[in-house]
Trainee: 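Here's a structure for you.
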Amino acid sequence: MSFTNMPTFLPGLELSRRFYTEAVRPLLEDAAPDIPHSAARIGSGSEVLGYDTPRSTDHEWGPRLQLFLRPRDVPRHAGRIRHHLAEHLPKTFHGYPTNFAPTPDGEVRVMKSTTGPVHHRVEVTHTTAWFRATLGFDPTHDITTTDWLTTPTQLLAEVTGGAVFHDGLHELGPLRHTLRWYPRDVWLHVLADQWNRISQEEAFVGRCGEVGDELGSAMVAAHLTRHLMRLCLLMDRRYPPYNKWLGTAFARTTAGHRLIPVLTAALSATDWHTREKHLTYAYEAAAGIHNELDLTDRVDPTTRPYHSRPFRVLHAERFTKALTSRITDPTLKDLPNDMRKPRPDEI
């Protein structure tokens, strides 16, 4: 569909909600009357996170959703439902084609007008199959620590974002509630690991700059900015999305309005002293948020020299230790953080 010939933009979640209510549900009642179901728009897609714009309509966006049936009803009714929708869905809905055509990019599809049956994007499945395929585990059973720690935060954001339009199976609501945020000990571990990532690199901004490597210093500052943004999202109990949407999500955190100008200044600085000055402000702001969470005893939020060297750092490993000390799950308590803190003689 031509980007310049689109109808007035309607956010994808609202489009999908109307599509279900006005087009899909009446046809579902024709094809499989009295079959309980749930309907939602969750999973991949910028609209699920609420970040879609008219540009999003150029691929994998449009009137689409998931229909969840009981497991025993999928082999009995799913084929008939898919066929009925293909034959009877309107060709367009609120000006957008309901047909999705393949592209040269493999499985990627785009909205495209058709005169024949609609190749729709109404996925008919059951909750266990869908969540297992999406997350790699079945959240209807006990979720293990390994499940939590090995699942990308982008995926957790996708399955807890979006919207449920109808939950006749009474499953989506409880499952999404279970997945809405980490158990406390897992959260403590994830936060501790994020602080540890900052600790590993915070002295390098100055060290690179000191030897005349301003490019290397800027690269480290970019790494630290990303770590800080993810940390603020985690402290806000928000799953960090992947890089394309990280800044957008960070802007909606409690710290975003205050730290965006600071981090932008750190990234645009042309000398390491200025870069370090802005980053130390951001460190102290993040440390203050940590203390407000009351997850640990108060940790001094002020920056200080890196041992005997003239680099200003937070010594973020102090926050890692404070958080780890509050973990009660022995499996998590003994789990090492991502990497050790470098010794002063290694930088």
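This is a predicted model, so every value here is computed, not measured.
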Trainee: Between Trp61 and Tyr51, is the ring centroid distance below 6.0 Å?
Mentor: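 Not close enough - the centres of the two rings lie 6.0 Å or further apart.
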Trainee: If you take the centroid of each ring, where Trp contributes its six-membered ring, are His315 and His307 closer together than 6.0 Å?
Mentor: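 Yes, ring centres under 6.0 Å apart.
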Trainee: State, yes or no, whether a side-chain contact exists between Arg18 and Leu10 at a heavy-atom distance under 4.5 Å.
Mentor: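 The answer is yes; the side chains approach within 4.5 Å.
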Trainee: Determine whether the side chains of His223 and Arg226 contain a donor N or O and an acceptor N or O closer than 3.5 Å.
Mentor: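 Result is no, nothing qualifies.
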Trainee: Are Tyr283 and Glu202 side-chain neighbours, meaning at least one heavy-atom pair lies under 4.5 Å?
Mentor: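 The answer is yes; the side chains approach within 4.5 Å.
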Trainee: What donor-acceptor contacts under 3.5 angstrom involve side-chain atoms of residues 22-33, with partners at least two apart or in another chain?
Mentor:
| from | atom 1 | to | atom 2 | distance (Å) |
| --- | --- | --- | --- | --- |
| Arg25 | NE | Glu29 | OE2 | 3.4 |
| Arg25 | NH1 | Tyr20 | OH | 3.3 |

Trainee: Is the closest side-chain heavy-atom distance between Val159 and Arg176 below 4.5 Å?
Mentor: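 They are not in contact (no side-chain heavy atoms under 4.5 Å apart), so the answer is no.
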Trainee: Got Leu323 and Trp187 here, is their nearest side-chain heavy-atom distance under 4.5 Å?
Mentor: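 No - every pair of side-chain heavy atoms lies 4.5 Å or more apart.
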Trainee: Looking only at side-chain N and O atoms, does Glu284 offer a donor or acceptor that is under 3.5 Å from a partner on Thr303?
Mentor: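 The answer is yes; a qualifying pair exists.
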Trainee: Would His126 and Arg70 satisfy side-chain contact (heavy atoms from CB on, under 4.5 Å), going step by step from the backbone distance to the final call?
Mentor: CA-CA 6 Å; His126 63 86; Arg70 293 174 299 192; over 6 Å; no
Trainee: May I have the step-by-step check of side-chain contact (heavy atoms from CB on, under 4.5 Å) for His119 and Arg109, ending in yes or no?
Mentor: CA-CA 10 Å; His119 187 109; Arg109 289 184 174 270; 3.2 Å; yes
Trainee: Are Asp236 and Thr253 linked by a side-chain donor-acceptor pair shorter than 3.5 Å?
Mentor: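 There is no such pair between these side chains.
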Trainee: State whether the number of non-hydrogen atoms from other residues, nucleotides or ligands found under 6.0 Å of His88 atom NE2 is greater than 12.
Mentor: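 Check passes, neighbour count above 12.
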Trainee: Would a 4.5 Å heavy-atom cut-off, applied to side chains only, mark Val220 and Ser217 as touching?
Mentor: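 No. Closest side-chain heavy atoms not under 4.5 Å.
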Trainee: Please tell me whether Ser44 and Glu158 have a donor and an acceptor in their side chains that are separated by less than 3.5 angstrom.
Mentor: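 No donor-acceptor contact under 3.5 Å links the two side chains.
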Trainee: Please say whether the positively charged group of Arg121, taken as NZ for Lys or CZ for Arg, lies over the ring of Phe100, i.e. under 6.0 angstrom from the six-membered ring centre and within 45 degrees of the axis.
Mentor: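 Verdict for Phe100: a cation-pi partner in Arg121.
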Trainee: Is any side-chain heavy atom of Leu314 closer than 4.5 Å to a side-chain heavy atom of Arg304?
Mentor: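 In short, these two side chains do not touch, never coming nearer than 4.5 Å.
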Trainee: Would Arg80 and His77 count as having a side-chain donor-acceptor pair, cut-off 3.5 Å?
Mentor: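 A donor-acceptor contact under 3.5 Å links the two side chains.
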Trainee: Between Thr328 and Asp185, is any side-chain donor less than 3.5 angstrom from a side-chain acceptor?
Mentor: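 Yes.
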Trainee: Kindly state whether the ring of Phe19 and the ring of Tyr96 have centres lying under 6.0 angstrom apart.
Mentor: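 No.
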Trainee: Hey, which of Val124, Thr125, Leu69, Leu67 is the one that makes side chain to side chain contact (heavy atoms under 4.5 Å, CB included) with Val74?
Mentor: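 Result: among Val124, Thr125, Leu69, Leu67, Leu69 is the only option passing the side chain to side chain contact (heavy atoms under 4.5 Å, CB included) with Val74.
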Trainee: Can you give me the closest heavy-atom contact between Asp73 and Pro36, atom names plus distance?
Mentor: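 Shortest heavy-atom separation between Asp73 and Pro36 comes out as OD2-CD, 4.5 Å.
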